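All remarks here apply to the structure that follows.
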Amino acid sequence: MTYHTPVLIKEVVNQLQPRRGGLYVDCTVGGAGHAREVLRACGPEGQLVGLDWDEEAIAASRERLVEFGARVQLVRANYVELEKVLMSLRVTAVDGVVFDLGVSSRQFDEPGRGFSFQREGPLDMRMSRQPRESHGERGATAQDILRTAGLDELARIFRVYGEERRARAIAREIVAEREHTPLETTTQLARLVESVLGPKHGGIHPATRVFQALRIAVNDELGNLKRGLETATQFLKSDGRIAVISFHSLEDRIVKRFFVEKSTGCTCPTDLPACACGRKETLRIVTRKPITAGEVEVRNNPRARSAKLRVAEKL
Ligand SMILES: C[S@@+](CC[C@H](N)C(=O)[O-])C[C@H]1O[C@@H](n2cnc3c(N)ncnc32)[C@H](O)[C@@H]1O
C-alpha cells in the first residue's frame with residue numbers, strides 16, 4: 001500500500017532550487033516523497049535532516065531513504081523543536097526548508113488513529129503516539145476534549161478551527177449526549193454531527209469541519225505552524241528558501257501573513273529623520289500567489305485539490 005502520495009513534488013523541488021552539497025530540512029518528512037527528490041537534487045553530497053512527530057513516519061522514511069545512507073538524518077520530533085534538533089546535530093544554518101502540513105494518507109486511512117469519520121476507530125487524532133505527557137501542551141486526545149471541554153470551549157473549537165457555522169448547536173448536542181453515552185468512536189461522532197446538520201450536501205460530509213477542528217486542537221497545529229515558521233526562517237542561510245504546502249485556509253492565512261510580515265521593512269512615517277520602529281525585512285516573497293496543483297495531478301490525487309504552495313527566500 002502506498003504510504004502517501006506527495007503533492008506538488010516537482011513544484012517544491014523547482015522552487016527550492018536545491019544546490020549540490022546543500023543541507024536541507026524537511027520538517028514533515030512523512031513517507032519521504034519530497035525528501036527523496038530533494039536528496040536527489042542536492043546529490044551526491046547534499047544532506048537532509050527529516051523530522052516527523054509520528055514515529056511510524058520516521059520508520060517508513062528510514063526504509064525509503066536507505067539508499068542515501070549517511071546523507072540523511074531522521075529525528076522523531078515536533079518541528080517546534082527544530083532548534084533543539086539542529087543544535088544536537090551541530091547544524092547552525094541550512095540551505096532550504098520544506099513544510100508539507102497536515103496528516104499523511106497513511107495516518108488518515110488507519111482507523112486506529114481516529115482522523116477519519118469514514119472509518120470506525122477511537123477518537124484519538126494525536127500525530128504522535130508517544131506517551132501523552134510528551135504530546136503537545138495539552139496531551140489530550142480528541143476523546144478527552146469531547147469529554148471534558150465545556151459548551152463554550154467546544155463551540156469555539158468548531159467555530160475557529162473548523163469555520164463551522166453551526167458550531168454551538170453541535171457543541172450543545174455533544175454536551176447533552178455525553179450525559180448518558182460516552183463519545184468514543186469516530187463514527188459515533190460523525191453520526192451525531194449529521195443528526196444536527198442533516199445529511200451530506202454539496203459533496204462534503206457534514207462532519208468534515210468538526211473533524212478538522214478537533215485535529216487542529218488536539219495537535220495545536222496552528223500554534224505549531226507559527227512557531228515552526230519562525231525557527232525555520234532563523235536557521236535559513238541568505239538566499240535559502242522556505243517552501244510551505246498548506247491544505248486549508250487557516251494554515252494558508254498564517255503562512256501568507258508570516259511571509260508578508262517578514263518581508264516588510266521599516267514602517268515609520270517618511271518624514272521621520274531616522275527609523276524608530278527598527279523593523280527589517282528578512283524574507284523576500286517568491287510566490288505572490290500560491291502555486292496550486294494542475295488538473296492532471298488533482299485527477300490522480302484528489303488530496304492535491306486544496307494544496308497551496310508558498311515560497312519565500314531569506315535575504
Ligand atoms: C502531509 S504529511 C507529509 C508527507 C511528506 N511530505 C511525503 O512526501 O510523504 C504531513 C506529516 O507531518 C507530520 N506532522 C504534523 N505536524 C507535525 C509537527 N508539528 N511536527 C513534525 N511533524 C508533524 C505528520 O505526522 C505527517 O507525517
Side-chain angles (χ1 to χ4, degrees), residues 1-13 15-16 24-41 48-65 72 74-86 96-110 112-116 124-130 134-139 161 212 215-232 243-248 250-252 254-255 293 297 301-309:
M1 192 170 74
T2 324
Y3 188 95
H4 178 84
T5 306
V7 304
L8 296 169
I9 194 147
K10 274 202 204 103
E11 291 81 353
V12 166
V13 176
Q15 290 295 329
L16 210 58
Y24 294 86
V25 178
D26 187 337
C27 282
T28 52
V29 73
H34 293 100
R36 184 190 285 127
E37 291 311 312
V38 172
L39 276 158
R40 282 189 182 141
L48 179 128
V49 176
L51 277 71
D52 204 290
W53 206 355
D54 185 347
E55 42 285 357
E56 288 172 22
I58 292 294
S61 287
R62 213 175 286 291
E63 265 180 36
R64 282 147 184 260
L65 299 176
V72 186
L74 294 168
V75 184
R76 194 207 70 79
N78 183 335
Y79 59 63
V80 297
E81 293 175 39
L82 182 63
E83 178 171 5
K84 207 161 89 189
V85 171
L86 293 180
V97 183
V98 180
F99 287 85
D100 177 17
L101 303 172
V103 288
S104 65
S105 307
R106 172 63 61 90
Q107 289 167 322
F108 192 77
D109 291 340
E110 212 208 291
R113 306 296 299 254
F115 288 114
S116 168
D124 188 325
M125 301 198 196
R126 287 169 302 152
M127 293 280 182
S128 158
R129 291 203 278 196
Q130 291 285 303
S134 70
H135 194 276
E137 283 170 31
R138 287 162 173 263
Y161 299 150
Q212 172 188 302
R215 202 194 82 201
I216 292 176
V218 166
N219 298 291
D220 188 17
E221 289 181 34
L222 306 183
N224 287 343
L225 179 57
K226 287 179 195 157
R227 289 153 68 197
L229 291 173
E230 193 71 59
T231 315
V244 188
I245 304 174
S246 65
F247 290 88
H248 54 77
L250 297 170
E251 287 171 345
D252 184 53
I254 288 174
V255 181
E297 179 168 6
N301 180 11
R303 206 177 158 270
R305 196 183 320 127
S306 46
K308 287 196 170 133
L309 168 64

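Numbering of ligands and ligand atoms starts at 1, following listing order. Just so it is clear, the structure is predicted and the values come from calculations on it, not from any experiment.
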Under a 4.0 Å N-O cut-off, is there an ion pair linking [X] with [Y]?
{"X": "Glu56", "Y": "Arg129", "value": "yes"}
{"X": "Arg227", "Y": "Glu230", "value": "no"}
{"X": "Glu297", "Y": "Lys10", "value": "no"}

- Message: Check whether Asn219 reaches the backbone of Met125 with its side chain - one donor and one acceptor, N or O, closer than 3.5 Å.
- Response: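 Such a contact is found between Asn219 side chain and Met125 backbone.
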- Does any N or O in the side chain of Glu251 come within less than 3.5 Å of the main-chain N or O of Phe247, such that one atom is a donor and the other an acceptor? yes
- Task: Could you list the residues that satisfy side-chain contact (heavy atoms from CB on, under 4.5 Å) with Ala57, not counting sequence neighbours?
- Result: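 Per chain and number, Ala57 pairs via side-chain contact (heavy atoms from CB on, under 4.5 Å) with Tyr3, Asp52, Asp54.
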Using a cut-off of under 3.5 Å, which N/O atoms of ligand 1 pair up with protein N/O atoms, and what distance separates each pair?
{"residue": "ligand 1", "atom": "6 (N)", "partner": "His34", "partner atom": "ND1", "Å": "2.9"}
{"residue": "ligand 1", "atom": "6 (N)", "partner": "Asp100", "partner atom": "OD2", "Å": "2.8"}
{"residue": "ligand 1", "atom": "8 (O)", "partner": "Gly33", "partner atom": "N", "Å": "3.0"}
{"residue": "ligand 1", "atom": "8 (O)", "partner": "His34", "partner atom": "N", "Å": "3.2"}
{"residue": "ligand 1", "atom": "8 (O)", "partner": "His34", "partner atom": "ND1", "Å": "3.3"}
{"residue": "ligand 1", "atom": "9 (O)", "partner": "Gly31", "partner atom": "N", "Å": "2.8"}
{"residue": "ligand 1", "atom": "9 (O)", "partner": "Ala32", "partner atom": "N", "Å": "3.4"}
{"residue": "ligand 1", "atom": "19 (N)", "partner": "Asn78", "partner atom": "OD1", "Å": "2.9"}
{"residue": "ligand 1", "atom": "20 (N)", "partner": "Tyr79", "partner atom": "N", "Å": "2.8"}
{"residue": "ligand 1", "atom": "22 (N)", "partner": "Trp53", "partner atom": "N", "Å": "3.1"}
{"residue": "ligand 1", "atom": "25 (O)", "partner": "Asp52", "partner atom": "OD1", "Å": "2.7"}
{"residue": "ligand 1", "atom": "25 (O)", "partner": "Gln107", "partner atom": "NE2", "Å": "2.8"}
{"residue": "ligand 1", "atom": "27 (O)", "partner": "Asp52", "partner atom": "OD1", "Å": "3.3"}
{"residue": "ligand 1", "atom": "27 (O)", "partner": "Asp52", "partner atom": "OD2", "Å": "2.7"}

